[in-house]
There are 2 protein chains.
Amino acid sequence: MKISELSRRAGVPVASIKYFRREGLLPAGRATAATLAEYGEEHVQRLRLIKALTTLGGLSIAATRDVLTAVGEAHTTDGKLGAISYALPVPVADSPVADSAQDAADQAAAETEVADLIAAMDWQTPDASPHVRGLTEALKALRRVDADYRPGELAAYAALANSIARLDLERAATFGDDAEAVAERAVIVFALSAPVLELLRRLAQEDQVRRRVAERGDALS
Amino acid sequence: MKISELSRRAGVPVASIKYFRREGLLPAGRATAATLAEYGEEHVQRLRLIKALTTLGGLSIAATRDVLTAVGEAHTTDGKLGAISYALPVPVADSPVADSAQDAADQAAAETEVADLIAAMDWQTPDASPHVRGLTEALKALRRVDADYRPGELAAYAALANSIARLDLERAATFGDDAEAVAERAVIVFALSAPVLELLRRLAQEDQVRRRVAERGDALS
DNA sequence: GGTGCTAGATAGTGGCAGTATCCAACAGGG
DNA sequence: CCCTGTTGGATACTGCCACTATCTAGCACC
């Protein structure tokens with residue numbers, strides 16, 4: 001199909017398609033002439049995936065490219081899974097500098113806490129994993145804003161995260177035959193489960209709040 | 001303290017403090033003269049909270065203002081909790097228009113699915129809740145990108161989300177005396193647990209991938 | 001009484017995600 | 001064979017966001 005039809009099929013403006021191609025998110029069509037190219041179903045699907053990752057997944061164009069590149073480059077299924085996981089952005093920026101002694105102490109405390117948690121969960125993750133560093137940064141940020149924050153609470157969340165990850169992997173690696181299909185599914189599961197889960201959590205929170213109101217009736221403030 | 005000291009204490013440039021004040025995120029200091037104001041500890045804490053919400057929580061300035069406003073406006077503890085929850089942005093944009101019959105069918109299917117889930121979980125959430133609408137949109141987006149997506153899988157995630165929400169509420173409503181303190185804690189729990197949980201999920205995923213590699217040894221691609 | 005900091009207003013910056021415009025090169029129909 | 005319409009590719013422009021910088025006066029404090 002021509003680009004105009006691709007645009008209609010995927011619901012994406014032609015100019016945006018060109019933009020995605022420029023940015024390396026979408027492979028070029030098969031050129032049939034100097035100024036004409038043929039696109040296929042895989043382009044439609046890719047565009048749908050791009051839209052889902054950017055809107056629902058909240059990924060930037062650069063992050064989306066990284067994820068899609070990771071899918072294409074790794075050669076084993078597990079390699080792809082790992083690459084996707086690492087390519088997904090974490091919402092934590094590295095803190096600027098650890099100049100003061102206080103900062104260094106915070107850093108060390110957070111590192112210990114993360115290491116303890118990983119040991120307690122018996123997680124097999126390398127210290128160099130971006131997720132480990134991300135979690136360390138996140139804990140430092142939490143501590144800065146909430147002095148009362150109790151580290152022990154993390155363990156309960158970690159146990160639930162473990163259950164979630166098990167579900168994720170079951171969904172992602174369902175059919176282990178076609179590495180490409182697994183990878184695309186894994187992208188969807190890894191990148192798009194988060195917002196869905198977050199929404200479910202909000203719904204459950206809302207329910208919890210209502211239940212507490214009902215329980216306490218007309219009580220306090 | 002003067003604004004320059006506030007800046008040093010919170011690690012935020014003076015220009016940014018002025019910006020936050022302009023945008024309604026930070027209350028003005030107590031004016032001691034036409035060109036001088038006095039700031040207190042509450043301003044330091046507020047700035048820390050703003051930084052945490054924007055960097056770790058990923059909230060925009062506008063969303064941060066909405067959340068902080070919600071905390072200040074509602075008068076009951078439960079009202080505050082609800083207001084905060086609703087003020088937090090969901091990562092799902094409303095789909096543009098439901099013009100075609102296909103879109104209408106998708107919408108109806110997603111709505112049914114969400115309603116069934118809520119019924120199955122016995123969640124007490126109004127149909128008009130933004131979270132319900134957000135979840136509906138998210139499911140539509142998922143369906144568009146993944147035809148194989150199986151609705152049943154949602155239930156398992158919902159159950160886990162429920163456990164998470166219970167933890168959240170326990171943390172948020174620990175001390176029920178000071179409505180203001182509860183509200184600030186709730187903001188932290190509601191807005192900042194998500195990235196931490198996501199990081200934990202990524203770590204657990206990484207662990208799962210490694211375990212599967214080890215299990216299968218040298219097996220397949 | 002001068003130096004330095006301040007409030008408040010306004011303007012500028014850099015990055016991101018598109019969107020628009022141009023041009024030359026064809027394709028396909030009449 | 002020619003003419004209209006579309007395309008690829010390049011470049012420029014736009015709108016939004018989150019700051020950041022500059023400017024003008026007016027005090028505060030030593």
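Order of the sequence lines fixes the chain letters, A, B, ..., with proteins taken first and strands second; residue numbering starts at 1 for each chain. When reading the values below, keep in mind they use all heavy atoms of this one structure, side chains included, and skip hydrogens, waters and symmetry mates.
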No-hydrogen, no-angle side-chain donor-acceptor test under 3.5 Å, A:Q107 and A:D103: no
B:A172 versus B:A186, closest heavy-atom pair with distance: CB-CA, 4.0 Å
Along DNA chain C (nearest heavy atom to each residue), the more 5'-positioned of B:E5 and A:A34: B:E5
Sugar-phosphate only, base, or nothing, as touched by A:T54 at under 4.0 Å among non-hydrogen atoms: nothing
Sugar-phosphate, base or nothing in reach of B:A37, heavy atoms under 4.0 Å: sugar-phosphate
Rounded interatomic separation in angstrom, taking CD1 from A:I3 and C1' from C:dA25: 16 Å
N-O pairing of A:R201 and B:D168 below 4.0 Å: yes
Upstream residue (5' side of DNA chain D) when B:L59 and B:L36 are each assigned their closest nucleotide: B:L59
Pair B:R202 + B:E198, salt bridge at N-O below 4.0 Å: yes
Where B:Q45 and A:V145 come nearest, the two heavy atoms and their spacing: NE2-O, 3.1 Å
Distance (rounded to the nearest 0.5 Å) between B:F190 CZ and B:L81 CG: 5.0 Å
Salt-bridge criterion met for A:E5 and A:K2 (N-O under 4.0 Å): no
Sugar-phosphate only, base, or nothing, as touched by B:K18 at under 4.0 Å among non-hydrogen atoms: base
Residue met sooner reading DNA chain C from 5', once B:A28 and A:K2 are mapped to nucleotides: B:A28
Atom-pair distance (CD on A:E38; P on C:dA27), nearest Å: 13 Å
First encountered from the 5' end of DNA chain D, between A:V14 and B:P13: A:V14
Sugar-phosphate only, base, or nothing, as touched by B:A15 at under 4.0 Å among non-hydrogen atoms: base
Contact boundaries on DNA chain D for chain A, cut-off under 4.0 Å to non-hydrogen atoms: D:dT7 to D:dT11
Spacing of B:Y19 atom OH relative to C:dA11 atom P, expressed in whole Å: 17 Å
